[in-house]
Amino acid sequence: MTTYAVTGATGKLGRLVLDELLTKVDAKDVVALARDPTALQKYDQLGVQVRKADYDDPASLDAALQGVDRVLLISGNAVGQRERQHGNVIDAAKRAGVSYLAYTSILKGDKSPLPLAPEHVATEKLLAASGLNYDLLRHGWYSENYTMGLAPSLESGKIFGAVGQGRLSTATRADFAAADVGALLRGKGGDVYELAGDQGWTMQEFAAEVSRQAGKTVEYVDQSESHYAKTLEGAGLPPPVAAMLARTSTVSAEGALYDDSGDLSRLAGRPTTPIAQTIAEALKG
């Protein structure tokens, strides 16, 4: 019997990973790790082993990983703390004798200019030095990152950004979850997967598709990085978050969020979700 553990299981991606994994293996072979196990009561009732695991508490990680064979390490969301937190999980996995670990890194991590890349690269280096058998699942951007703000865009008739004509190859969280499960079940170690959507698109094409489906003209307005940051602040985002997103948009103009390797669909075992479909689902509310 092989036991599969998923860290960060209460997050949006983590829950989708659990749902996908439960279509492939028995619930008793799944270990869901969470800082607050009570948030996973539904999975506990399905027979999943729900265990407390806090990235900041090595003792909890040691207990949570006992008897686990294969681990999906979903990156934490505490920006600035992730290298240390991920290191705690990696160390605990070594102590527990885990046979395989897959880590959700960032697209083109070793060459990425994205602001979030350095902590992922640091984690990749920790894994390289760990002696563990592991694969890197370098995630691109979620399509939902672009569709979750459609309501104000429809109201104003404008979608703002700083991507220029840069192409984006996004996929849904569910697509990434399917690929992550593919690695958790079948990964052998020693591989780097660049995970991105099958079809790239520009923000101009995105706005045109939104217009077509909504029956209302919505235009893409390209701004400088500084102006876009101000736009995001005006929408209520804290200045540091606005600056990070504006920088992400700017470097995307040069291909930071584009990849045509096809790794995601191959690992997931199915094509990725077209952006038009994600737009349709968002417009349905």
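With Leu195 as reference, Asp180 is the one residue of Asp175, Leu136, Ile106, Asp180 to meet the side-chain contact (heavy atoms from CB on, under 4.5 Å) rule. Exactly one residue among Arg95, Arg51, Lys94 makes a salt bridge (Lys or Arg N to Asp or Glu O under 4.0 Å) with Asp62. That residue is Arg95.
In this structure, Lys12 places its NZ atom where only 12 or fewer heavy-atom neighbours from other residues, nucleotides or ligands lie under 6.0 Å away. The environment of Asp36 atom CG is dense: over 12 non-hydrogen atoms of other residues, nucleotides or ligands sit within 6.0 angstrom. Residue Lys230 qualifies as open at atom NZ: its count of foreign heavy atoms under 6.0 Å is 12 or below. Within 6.0 Å of CD in Gln213 there are more than 12 heavy atoms belonging to other residues, nucleotides or ligands.
Residues satisfying the side chain to side chain contact (heavy atoms under 4.5 Å, CB included) criterion with Thr2, sequence neighbours excluded, are Tyr4, Asp69, Arg70. For Phe206, the ring-ring contact (aromatic ring centres under 6.0 Å, His included) partners at least two apart in sequence or on another chain are Trp201. Residues meeting the side chain to side chain contact (heavy atoms under 4.5 Å, CB included) test with Ala268, sequence neighbours left out: Ala178, Ala179, Leu264, Arg270. Residues passing the side chain to side chain contact (heavy atoms under 4.5 Å, CB included) test with Val221, sequence neighbours excluded: Lys158, Phe160, Glu219, Gln223.
In this structure the side chain of Leu22 reaches within 4.5 angstrom of the side chain of Tyr43, judged on heavy atoms.
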Residues 277-285, side-chain donor-acceptor partners within the protein, below 3.5 Å, at least two apart:
unit_1	atom_1	unit_2	atom_2	d
Gln277	NE2	Glu281	OE2	3.4

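If you check the side chains of Ser169 and Asp259, you find no donor sitting under 3.5 Å from an acceptor. Remark: the Glu124 side chain and the Ser105 side chain contain an N/O donor-acceptor pair separated by less than 3.5 Å. In this structure, a donor-acceptor pair under 3.5 Å is absent between the side chains of Gln85 and Arg82. A donor-acceptor pair shorter than 3.5 Å can be found between the side chains of Thr7 and Tyr55.
Taking CG from Asp26 and CG from Leu21, the interatomic distance works out to 10.5 Å, rounded to the nearest 0.5 Å. Separating the CG atom in Leu127 from the CG atom in Asp135 is a distance of 10.0 Å, to the nearest 0.5 Å. Note: Glu225 CD to Thr248 OG1 = 9.0 Å, rounded to the nearest 0.5 Å.
Judged by distance alone, with hydrogens and angles left aside, the side-chain atoms of Glu144 form a donor-acceptor pair with the main-chain N or O of Arg173 at under 3.5 Å. Remark: the backbone N or O of Tyr100 is not paired with any side-chain donor or acceptor of Asn133 at under 3.5 angstrom. Proximity of a side-chain donor or acceptor of Ser60 to a complementary backbone N or O of Ala53 within less than 3.5 Å is not detected. Panel note: side chain Asp57, backbone Ala59; a donor-acceptor pair is recorded below 3.5 Å. Here the side chain of Thr272 pairs a donor or acceptor atom with the backbone of Asp198 at under 3.5 angstrom.
The pair Lys108-Glu194 does not meet the salt-bridge criterion, since no charged nitrogen lies less than 4.0 angstrom from a carboxylate oxygen. A salt bridge links Asp110 with Arg138: the distance from a Lys NZ or Arg NE/NH1/NH2 to an Asp or Glu carboxylate oxygen falls below 4.0 Å. A salt bridge links Arg167 to Glu205: one of the charged nitrogens lies within less than 4.0 Å of a carboxylate oxygen. Salt bridge status for Asp56 with Arg35: absent, with no side-chain N to carboxylate O gap under 4.0 Å.
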Exercise. Thr3 and Asp29: side chain to side chain donor-acceptor pair (under 3.5 Å), yes or no, with the steps?
Worked result: CA-CA 5 Å; Thr3 304; Asp29 298 329; 5.2 Å; no
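Across all their heavy atoms, Gly14 and Val6 have their closest contact at O-CG1, 4.5 Å. The heavy-atom pair separating Leu137 from Ala183 by the smallest distance is CD2-CB, 3.6 Å.
Cluster annotation: Val79 and Trp141 are assigned to the same hydrophobic cluster (Ile/Leu/Val/Met/Phe/Trp/Tyr, side-chain heavy-atom contacts under 4.5 Å, transitive).
Sorted by first and then second residue, the pairs that involve residues 68-90 and meet ring pair (Phe, Tyr, Trp, His ring centres under 6.0 Å), not counting sequence neighbours, are His86-Tyr103.
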